[in-house]
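Residue numbers run from 1 in the order of the sequence given.
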Amino acid sequence: MRIVADTDLCIGAGQCVLTDPAVFDQDDDGTVVVLVEHPEGGQVDSAREAVKLCPAMALSLQE
C-alpha cells in the first residue's frame, strides 16, 4: 500500500496529522506531508482513516 497526497487539493485541515502524527505532518503552509509512504501494521488502519476523514479528498491509497 502506498499513501498518495495531492498537495494541490490539501486545505491544511490537519485531520490526517490528528489521525496519525507518525505518518502525516504539515509543512509551514499547513499542506500535508506524508512521512511514511508505505505504512505497515497499525499504520495501515490509521492511513485508511486519514483518507476517509480528509475534507479535501487530498489523500488516497494505492493498493
Side-chain angles (χ1 to χ4, degrees):
M1 169 189 297
R2 178 174 174 249
I3 300 172
V4 178
D6 186 336
T7 55
D8 290 333
L9 292 178
C10 181
I11 61 172
Q15 294 300 308
C16 54
V17 179
L18 292 173
T19 301
D20 194 335
V23 176
F24 301 97
D25 198 359
Q26 292 174 287
D27 66 14
D28 291 340
D29 295 326
T31 303
V32 64
V33 175
V34 178
L35 300 175
V36 180
E37 190 172 338
H38 299 280
E40 296 181 356
Q43 291 177 333
V44 171
D45 289 339
S46 60
R48 290 187 196 281
E49 184 70 13
V51 169
K52 187 172 100 179
L53 293 175
C54 180
M57 298 174 34
L59 297 173
S60 61
L61 299 175
Q62 292 180 340
E63 302 284 339

Flag side-chain contact, heavy atom, 4.5 Å: V36 against V23: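 The answer is yes, as the side chains (C-beta and beyond) meet within the 4.5 Å cut-off.
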List the residues meeting side-chain contact (heavy atoms from CB on, under 4.5 Å) with Q62, not counting sequence neighbours, and say none if there are none. R2, V4
Residues passing the side-chain contact (heavy atoms from CB on, under 4.5 Å) test with D29, sequence neighbours excluded, are D27, T31
Roughly how far, to the nearest 0.5 Å, is the CD1 atom of I3 from the CZ atom of F24?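 Rounded to the nearest 0.5 Å, the CZ-CD1 separation comes to 4.0 Å.
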Any chance you could measure D25, atom CG, to C16, atom SG, to the nearest 0.5 Å? 8.5 Å
Shortest non-hydrogen contact between L35 and P21, atoms and distance: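 Reported closest heavy-atom pair: CD1-O, 3.7 Å.
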Pairwise side-chain hydrogen bond (donor to acceptor under 3.5 Å, both in side chains) hits with a residue in residues 5-19, at least two apart: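 Residue pairs with at least one partner in residues 5-19: there are none.
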Return a table of donor-acceptor pairs under 3.5 angstrom between the side chains of residues 39-58 and protein atoms on other chains or two or more places apart.
{"unit_1": "S46", "atom_1": "OG", "unit_2": "D20", "atom_2": "OD2", "d": "2.6"}
{"unit_1": "S46", "atom_1": "OG", "unit_2": "Q43", "atom_2": "O", "d": "3.0"}
{"unit_1": "R48", "atom_1": "NH1", "unit_2": "E63", "atom_2": "OE2", "d": "3.1"}

